[in-house]
Amino acid sequence: MRVTNKMMTDQAVYNISKSLQRVTDLQEKISSGKNINRPSDDPAGMARAINYRSSLSSFDQYERNIRSGKSWVSMTETALAHANEIVTRAREIALAQSTATASRETRQIGLKEVETLIDQLHQIASTQLGERYIFSGFKTDQSPFDASGTYQGDEGEIKLEVSKNDYITVNLPGNKAFSL
């Protein structure tokens with residue numbers, strides 16, 4: 001087999017073209033700061049990069065869920081602590097007015113205070129975090145109790161994913177927390 005000038009020229013052009021393509025690829029990597037600019041650069045590497053991006057997106061969502069859950073639980077704890085104070089005060093009034101030393105007048109005063117405490121308890125049971133009622137179960141767009149104290153929410157538990165397949169419940173339905 002004889003090597004002709006044309007074959008040598010074709011081979012030289014091919015080698016120059018391949019070298020130019022490698023230089024172009026390297027320049028693209030340098031200018032973009034990325035090792036993989038298109039799937040054909042490294043299919044396996046691209047699959048790993050997509051998986052990493054998906055994981056990072058999931059981690060960001062878990063972080064948002066955790067922050068939201070902390071806010072929800074903190075608001076619930078505060079509301080329940082206030083409700084506990086109100087119930088404790090109502091018990092004190094009931095005990096004080098159940099003695100023989102209580103008069104009709106003191107019982108009337110105690111009754112007015114208990115009615116005020118019930119109103120305050122109703123307000124606490126209607127606590128909102130942003131636009132959402134925290135004690136309404138899934139029905140967060142409506143007040144959990146009506147004016148008569150009847151529960152209007154449901155027993156839905158709001159669960160937030162805080163890591164892969166790991167959920168926490170952040171709410172307490174009002175029918176479990178209050179008996180108005």
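Keep in mind that the numbers below use all heavy atoms, side chains included, and drop hydrogens, waters and symmetry copies.
- Of all heavy-atom pairs between Phe145 and Gly174, the closest is CZ-O, 3.6 Å.
- By the 4.5 Å heavy-atom criterion applied to side chains, Lys139 and Gln152 are not counted as neighbours.
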Please report the C-alpha distance between Glu157 and Phe138 in whole Å, then the side-chain angles of each, then the deciding distance to 0.1 Å, and finally whether the side chain to side chain contact (heavy atoms under 4.5 Å, CB included) criterion is met.
-> CA-CA 7 Å; Glu157 293 181 346; Phe138 288 138; 5.5 Å; no
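- No donor-acceptor pair closer than 3.5 Å links the side chain of Ser74 to the backbone N or O of Ser71.
- No hydrogens or angles considered: a donor-acceptor pair under 3.5 Å links the side chains of Gln97 and Thr106.
- Here the CZ-CD distance, from Arg89 to Gln120, works out to 11.0 Å after rounding to the nearest 0.5 Å.
- Counting non-hydrogen atoms of other residues, nucleotides and ligands closer than 6.0 Å to CD of Glu105 gives a total of 12 or fewer.
- What you find for Leu80 and Phe178 is that their closest heavy atoms are CD2-CZ, 4.1 Å.
- Taking CD1 from Ile86 and CG from Leu117, the interatomic distance works out to 6.0 Å, rounded to the nearest 0.5 Å.
- Remark: side-chain polar atoms of Ser68 are not paired, donor with acceptor, to backbone N or O of Arg64 under 3.5 angstrom.
- Among all heavy-atom pairs drawn from Ser143 and Ser126, the shortest one is OG-OG, 3.2 Å.
- Across Gly156 and Pro173, no two heavy atoms sit closer than the pair O-CG, 3.7 Å.
- Between the CD1 atom in Ile134 and the CG atom in Leu129 there is a gap of 7.0 Å [rounded to 0.5 Å].
- Here the side chain of Ser57 pairs no donor or acceptor atom with the backbone of Arg53 at under 3.5 angstrom.
- Here the straight-line distance linking atom CD of Gln128 with atom CG of Asp141 works out to 10.5 Å at 0.5 Å rounding.
- Tyr151 and Asp154 make their closest contact through OH-O, 2.7 Å (heavy atoms, listed as atom of the first residue, atom of the second, distance).
- Under the 3.5 Å distance criterion, with hydrogens and angles disregarded, no donor-acceptor pair is assigned to the side chains of Asp119 and Gln123.
- Shortest non-hydrogen contact noted between Phe135 and Thr127 is CE1-CB, 4.5 Å.
- Using modelled atom types, one side-chain atom of Thr116 and one backbone atom of Lys112 make a donor-acceptor pair closer than 3.5 Å.
- Thr150 places no side-chain N or O within donor-acceptor distance of the main-chain N or O of Asp146, the cut-off being under 3.5 Å.
- Leu160 pairs with exactly one of Val170, Asn171, Ile66, Thr169 by the side-chain contact (heavy atoms from CB on, under 4.5 Å) rule, that one being Val170.
- You'll find the side chain of Asn175 reaches within 4.5 Å of the side chain of Glu155, heavy atoms only.
- Atoms NE2 and CG, on His82 and Leu121 in that order, are 12.0 Å from each other to the nearest 0.5 Å.
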Do Arg67 and Glu63 pass the salt bridge (charged side-chain N to carboxylate O under 4.0 Å, His left out) test, and can you show the C-alpha distance, the side-chain angles, and the key distance before you say yes or no?
-> CA-CA 6 Å; Arg67 278 195 310 270; Glu63 184 179 356; 3.1 Å; yes
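- Ile158 and Tyr167 fall into different hydrophobic clusters, where Ile, Leu, Val, Met, Phe, Trp and Tyr side chains are chained together by heavy-atom contacts under 4.5 Å.
- Annotation: the span from Lys164 atom NZ to Ser58 atom OG amounts to 7.5 Å, rounded to 0.5 Å.
- Glu161 places no side-chain N or O within donor-acceptor distance of the main-chain N or O of Tyr62, the cut-off being under 3.5 Å.
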